[in-house]
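Reminder, nothing fancy here: chain letters follow the sequence lines and each chain counts from 1. No experiment lies behind these values; they were computed from the predicted model shown.
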2 protein chains.
Amino acid sequence: MPRAKSKAVHLGRPRSDAAVSHAEILDAVSELLKEKPARDLTMDAVAKRAGVGKPTLYKWWPSKGALIMAMFHDRFNAILEVPEATSAEEALRTRVKHLVAQCNGLFGKVVADLIAEGQADPSILKELYESHIRPRRASTVADIERGIASGEFLAATDPELLLDAIVAPMYLRLLLRHPALTEQYGKQLIDQALLGIRTPKWRPGRRGKRDARSA
Amino acid sequence: MPRAKSKAVHLGRPRSDAAVSHAEILDAVSELLKEKPARDLTMDAVAKRAGVGKPTLYKWWPSKGALIMAMFHDRFNAILEVPEATSAEEALRTRVKHLVAQCNGLFGKVVADLIAEGQADPSILKELYESHIRPRRASTVADIERGIASGEFLAATDPELLLDAIVAPMYLRLLLRHPALTEQYGKQLIDQALLGIRTPKWRPGRRGKRDARSA
DNA sequence: ATTTTCCTTTACGTCTAGTAAAGTATAAGT
DNA sequence: ACTTATACTTTACTAGACGTAAAGGAAAAT
């Protein structure tokens, strides 16, 4: 008589270490995406390269899109840390520089692929936005709000809108591939976006952070 | 002996009127794209709805992407005419308003689909850019340059960059579908982009509309 | 009526997604 | 050691779509 599955005592073959096979599968996805667009990625190819069977893939991920999303999640979930000591403008410039570099690598390709896949499967768009874009935005918005609080940026600044004006053109170039997304372009975008935002008289202290003025 | 095909005298069945069957085929594509994403559009379905055979489709267009692009070209090639009498700012606002409306209709869906398809077929991206985006940009850039020449905008303004900051966020919302692309958002983008561009002393003719910000 | 050309229909070969069925491995229990 | 229960893999299959080839029908000149 089999015992009730009350404790850590199970009958039969235990689950294999998901961490290991998952890593191998996501590696395979990552490597294949370096070679071909997501559209041309076949589950058979992933299974073959990972050394597993196709049903194994479907056991853990319901679709190709979900699998790619999982790889993206696993590999590109880091949010850039920006030292609080710098001015908000410097923080923005650092982030944008970093984003340009990422967009010109595998990160950029996969983001573009995911947005493309998302046009036929909105759940991908939703997850991409909720799990990746939203948190990244939040941390940059925090930078901007810091800049507003410190008097570096005008009080009337809308952080979300400012962010959109800087970042969206970069993503669009990523998607359209033309013209190329360069670091210089990122700089120009910041320069322009800050034209009407920057407080004229504001001077960064050498540590950057000045007390918020009272009234 | 067949005569040389020197003149309008051909032997055999004449070519059927391409204009007619093309229109029917592109109608079919258009209708089907109202119902499903480009990814799920099948050539069989197009052929069936248009009442033609599949080989006929491949006779004129080499791929599904090319077919969709042809429909897009045929249906959405109009560029908005903006009266030269208005201020550059008004011209921008008119264009943006128009673009929001278009993006929320079939135009927007097809653009998004084409960009998505383009991720696996760069020739689509290229044609989309060269044949559609570039000319539209040119006409808006002309508006902005008019504004610079008239002194409405600062001389240092970079028209392309300004345009990117306004339009790219709209396209990105179109592609990400979240948050929704509203007319208000378009307005806010212009408001913000013009903050650092507008000449302080410049006064529009009485047609200019002073507008309060909408929180 | 015959010929010539164009076009459509039908049918096919291939590829891929996703699933079902059968077989193999690894543990506990006796 | 041997059975049993469970997890996983391999193989094979169905369904659908692409893109093409072959055959037949339609419309003009002769």
Which pairs would a plain distance check flag for residues 158-165 of chain B, meaning a side-chain donor or acceptor within less than 3.5 Å of a matching protein atom at least two apart in sequence or in another chain?
from: B/D158; atom 1: OD1; to: B/E160; atom 2: N; distance (Å): 3.1
from: B/D158; atom 1: OD1; to: B/L161; atom 2: N; distance (Å): 3.2
from: B/E160; atom 1: OE1; to: B/R137; atom 2: NH2; distance (Å): 2.8
from: B/D164; atom 1: OD1; to: B/R137; atom 2: NH1; distance (Å): 2.7
from: B/D164; atom 1: OD1; to: B/R137; atom 2: NH2; distance (Å): 2.9
from: B/D164; atom 1: OD2; to: A/Y185; atom 2: OH; distance (Å): 2.5

Shortest non-hydrogen separation from B/V29 to B/V46 and the atoms involved: CG2-CG1, 3.8 Å

Quick one: [X] [atom1] to [N] [atom2], roughly how many Å, whole number?
X     : N      : atom1 : atom2 : result
A/K54 : C/dA21 : NZ    : C1'   : 15 Å
A/K64 : C/dC15 : NZ    : C1'   : 12 Å
A/M43 : C/dC15 : CE    : C1'   : 15 Å
B/K36 : D/dA17 : NZ    : C1'   : 12 Å
A/L67 : C/dG18 : CG    : C1'   : 14 Å
A/Y58 : C/dA21 : OH    : P     : 18 Å
A/D44 : D/dT10 : CG    : P     : 13 Å
A/W60 : D/dA7  : CH2   : P     : 12 Å

What orientation do A/F107 and A/H132 show, parallel under 30°, tilted 30 to 60°, or perpendicular over 60°? tilted

NZ/NE/NH1/NH2 to OD/OE distance under 4.0 Å, A/K48 and A/D44: no

Side-chain N or O of A/T56 closer than 4.0 Å to phosphate OP1/OP2 of D/dT9: yes

Establish, with yes or no, whether the OP1 or OP2 oxygen of D/dC8 is under 4.0 angstrom from a side-chain nitrogen or oxygen of A/K59. yes

Taking the side chain of B/P55 as its heavy atoms from C-beta onward, which of D/dG19, C/dA17, C/dT8 lies nearest to it? C/dT8

Looking at every strand, decide which applies to B/L57 at a 4.0 Å heavy-atom threshold: base, sugar-phosphate, or nothing. nothing

